Amino acid sequence: MEFRDIPWSFVTGTEATPLIDGGIRRIAVLSMHTSPLDQAGIGDSGGLNVYVRELTASMAKRGINCDVYVRRTNPHHPEIVEIEPGVNVIQIEAGPFGLLKSDLPAVVDLWTQGVADHLEHRPVDVIHAHYWLSGVAGHHLKHRFDVPLAVTFHTLGRVKSFTGDTEPEDRIRAEDAVIGCADAVFASGKVEVDQLDSFYGVSRERIEILTPGVDRTLFTPGSSRQARKALGLGDYPILLFVGRIQALKGLDLAIEALAASRNSDARLVIVGGPSGDEGLETYGDLIARIERHNLNKRVIFVEPQPHHLLPTYYRAADVCLVPSRSESFGLVALEAAACGTPVVASDVGGLRDNVINGVTGLLVNERDHRVFADSVDRLIDHPKTCNEMGNRAVERAALHSWDIGASGAIEVFARLASRELVSCV
Ligand code: UDP
């Protein structure tokens, strides 16, 4: 397939058409379990935080006030923090600060009540909930305030269970209930649309595609030599992993692929930190693998980095690895593409929408480290192909922007506000 033949129509909204905001002025964005104030790449903070921060900032530029409700996890943060003009993060106390994610279902009701107290005084036109926990809160608040509810799930319990990361039945039941009453469910691309349909039976009219964007003022191509110099990295092949260290992200496969690579001088740079209840165990397993293969000098761990420093890592790398077991979109793959670095990713979930196999990177459809290693070697051993893929990746990434996503989202919210709400009662 030629690059130009690829259908781009799934990208929502267009910048050319005038924005119809339907009088939407303020929305409540629910992000109970993680805050855009947190550094992404460790703990429970990752793509969702970036999505919320970037989407709300772009909506605010279009005149929509965004109140982002999070659970307070730090006694020192003020209750309300303005992170961009028109975007306020509002911290609601619900339970002890240091709760684990698995403890959060027990405090959802308390948190919801705290958000409701604010909504009494800061009325909103629409609620946009992120992840199933906030979906549960959003469902309650929708009924209480009679406003439309849109949900972005980011990950889906049944999809995770299907790929081997079993999720509790309570979560899946809760997702069913939220979906049953959501006025719109946002999907990141065609693959997630299919998952919502086949795993949850969501009718197509209620699914809206909102393709995540990438900040192309930051994530741009640049000199690999200079990037390596800035990071103190040498003239060897560099594989890069960026993200949270948890089993789902498949770093075990990345390390096994490094061990199996023909490029015995290649290095694997891992930017990020342990995440979730089992993150430390996963990290321990990786260290054991590294020692077993005697890779200590070839794997470099880097603590989580803020977004403005990440482009240097992408530019330094020959290949970015995204070996996830499941992935709803995979912002990292798009950021690498925007920096002109081809991606070798597993052929799962949103990565199928995000990476064009053989054009902007390679998709690997087996969880076999030898196949992964072979894909990586094919790129490293053919710098010309690698370069061409990098160039195609930059062109592809240029079609994604948070401004386009924000315009599309606002038009969806306007439509929801002008019609009768979905009812589950
Ligand atoms: N990230 C970051 N610093 C890090 C590691 C990751 O800012 O040290 C960001 C990364 O740039 C990306 C997000 O975290 O924007 C991860 O999103 P992705 O969709 O790839 O994975 P998720 O966290 O949603 O599973």
Side-chain angles (χ1 to χ4, degrees), residues 31 33-55 57 101 130-132 134 152-156 159-160 163 165 167 186-189 191-192 210-220 231 240-251 254 269-276 278-279 282-283 300-317 320-339 341 343-346 348-355 361 397 400-402 405:
S31 178
H33 80 288
T34 181
S35 162
L37 296 173
D38 297 340
Q39 163 67 56
I42 191 165
D44 292 324
S45 179
L48 187 154
N49 306 58
V50 174
Y51 185 119
V52 167
R53 191 182 67 212
E54 298 287 346
L55 187 67
K101 194 172 171 189
H130 293 267
Y131 194 61
W132 72 274
S134 297
T152 305
F153 281 96
H154 297 271
T155 62
L156 292 160
V159 174
K160 282 183 78 177
T163 50
D165 296 280
E167 286 293 301
F186 284 115
S188 63
V191 172
E192 206 180 356
L210 196 166
T211 309
V214 58
D215 180 348
R216 282 184 297 109
T217 57
L218 276 183
F219 294 99
T220 54
L231 298 174
L240 174 70
F241 171 92
V242 176
R244 295 173 295 130
I245 297 176
Q246 57 172 194
L248 182 88
K249 293 288 177 184
L251 258 172
V269 177
I270 297 173
V271 182
S275 163
E278 286 151 25
T282 305
Y283 178 72
I300 302 160
F301 283 95
V302 179
E303 65 182 20
Q305 299 291 303
H307 252 193
H308 69 275
L309 296 181
L310 280 178
T312 311
Y313 287 87
Y314 289 120
R315 288 175 198 144
C320 180
L321 294 181
V322 188
S324 311
R325 300 211 286 235
S326 75
E327 195 72 67
S328 71
F329 181 72
L331 285 177
V332 162
L334 184 58
E335 291 161 6
C339 293
T341 307
V343 174
V344 173
S346 16
V348 297
L351 292 167
R352 289 182 179 155
D353 287 326
N354 194 340
V355 179
H400 290 263
S401 92
W402 288 109

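Because the structure is a prediction, the values reported are computed rather than measured. Indexing begins at 1, ligand by ligand and atom by atom, following the structure's order. The analysis underlying the following values was restricted to heavy atoms, covering all of them including side chains, and did not include hydrogens, waters or symmetry mates.
Counting only residues at least two apart or on different chains, the salt bridge (charged side-chain N to carboxylate O under 4.0 Å, His left out) pairs with a member in residues 321-331 are Asp165-Arg325, Lys249-Glu327.
In this structure, the side-chain contact (heavy atoms from CB on, under 4.5 Å) partners of Gln39, at least two apart in sequence or on a different chain, are Pro304, Pro306. Checked against ring-ring contact (aromatic ring centres under 6.0 Å, His included), His154 has the following partners two or more places apart in sequence or in another chain: Tyr51, His130.
Here the rule is side chain to side chain contact (heavy atoms under 4.5 Å, CB included) with Ile270, and of Val302, Leu251, Leu321 only Leu251 fits it.
Protein residues having at least one heavy atom under 4.0 Å from any atom of ligand 1 are Gln39, Ala40, Gly41, Gly46, Gly47, Val50, Val242, Gly243, Arg244, Lys249, Val271, Pro304, Gln305, His307, Leu310, Glu327, Gly330, Leu331, Val332, Glu335, listed by chain and number.
The NE2 atom of His33 sits 5.5 Å away from the OH atom of Tyr131 when rounded to the nearest 0.5 Å. Interatomic distance, CG of Asn49 versus NE2 of His307, reported as 10.0 Å (0.5 Å rounding).
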